[in-house]
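This report refers to the structure that appears directly beneath it.
Heads up: numbering here begins at 1 and tracks the sequence.
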Amino acid sequence: QVQLVESGGGLVQAGGSLTLSCTTSTFFYANDAIGWFRQAPAKEREFVAAIRWRLGDKIYADSVKGRFTVSRDAAKETVALQMNSLKPEDTAVYYCAVDRTPTPATMKISSNYDYWGQGTQVTISS
């Protein structure tokens, strides 16, 4: 059973930065896509960013383009989400997830992901 653990959440002021990390209890497969999603109170879970482990290609939600960067560290089996210029509307629980059979067309779709972490809270104060 694959376990994913997110870390790095916290409380920061608007305009600040945070870096989230996602680690796995096993390892990421070459074809995996590792995605970041978020869910704010009373809202549906939404896609944030994703990266394919071997290819390294990345996609972002329009709302975070230019502010967030997803990256991978093969030596540490970790995927990071660097978040800059944070806004109060970025407040949410952030989840990482793994899609074992990703395509560019499906990487933004949460139902395609096979494994999920427990989430980490990110709160941005105005």
State whether the number of non-hydrogen atoms from other residues, nucleotides or ligands found under 6.0 Å of Glu46 atom CD is greater than 12.
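Above 12, so yes.
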Would you say Gln121 has more than 12 foreign heavy atoms packed within less than 6.0 Å of its CD?
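More than 12 heavy atoms, drawn from other residues, nucleotides or ligands, come within 6.0 Å of this atom.
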May I ask you to decide whether Lys87 forms a salt bridge with Asp90, counting only side-chain N to carboxylate O separations under 4.0 Å?
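No salt bridge links Lys87 with Asp90.
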Looking at Arg100 and Asp32, is any side-chain nitrogen of the basic one under 4.0 Å from a carboxylate oxygen of the acidic one?
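The answer is yes: the pair qualifies as a salt bridge.
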Side chain proximity check, [X] to [Y], heavy atoms < 4.5 angstrom:
X: Leu81; Y: Arg38; answer: no
X: Tyr60; Y: Lys108; answer: no
X: Thr23; Y: Glu77; answer: no

Under 3.5 Å, side chain of Thr91 to main-chain N/O of Ile124, donor-acceptor pair present?
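Checking the backbone N and O of Ile124 against the side chain of Thr91, a donor-acceptor pair under 3.5 Å is found.
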Is Trp36 reachable from Val93 through a run of hydrophobic residues whose side-chain heavy atoms are each under 4.5 Å from the next?
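They do not share one cluster, since no chain of ILVMFWY contacts under 4.5 Å joins Val93 to Trp36.
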Count I, L, V, M, F, W, Y as connected when their side-chain heavy atoms are under 4.5 Å apart, and connections chain through other members. Are Val79 and Tyr94 then in the same cluster?
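As far as the 4.5 Å side-chain criterion goes, Tyr94 and Val79 are connected within one cluster.
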Taking the six-membered ring for Trp, are the ring centroids of Tyr29 and Phe27 within less than 6.0 Å of each other?
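Between Phe27 and Tyr29, which both carry aromatic rings, the centre distance is below 6.0 Å.
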Roughly how far, to the nearest 0.5 Å, is NZ of Lys65 from NZ of Lys58?
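If I round to the nearest 0.5 Å, the distance is 14.0 Å.
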Nearest-0.5 Å distance, CG of residue Asp99 to CD1 of residue Ile109
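Reported value, rounded in 0.5 Å steps: 9.5 Å.
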If the plane angle is over 60° it's perpendicular, under 30° parallel, otherwise tilted; pick one for Phe37 and Phe47.
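Rings of Phe37 and Phe47: perpendicular, as their planes differ by over 60°.
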Residue pair Ser125, Gln13: steps toward the side-chain hydrogen bond (donor to acceptor under 3.5 Å, both in side chains) verdict
CA-CA 5 Å; Ser125 62; Gln13 290 187 329; 5.0 Å; no
With Ile34, which of Trp53, Tyr115, Tyr113 fulfils side chain to side chain contact (heavy atoms under 4.5 Å, CB included)?
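Only match with Ile34 under side chain to side chain contact (heavy atoms under 4.5 Å, CB included): Trp53.
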Nearest atoms (heavy-atom pairs only) where Leu4 meets Thr24
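Between these two residues, the closest heavy atoms are CD2-CB, 3.9 Å.
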Geometric cation-pi criterion Arg72 and Phe28, 6.0 Å radius, 45° cone:
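No - Arg72 does not lie over the ring of Phe28 by the 6.0 Å and 45° rule.
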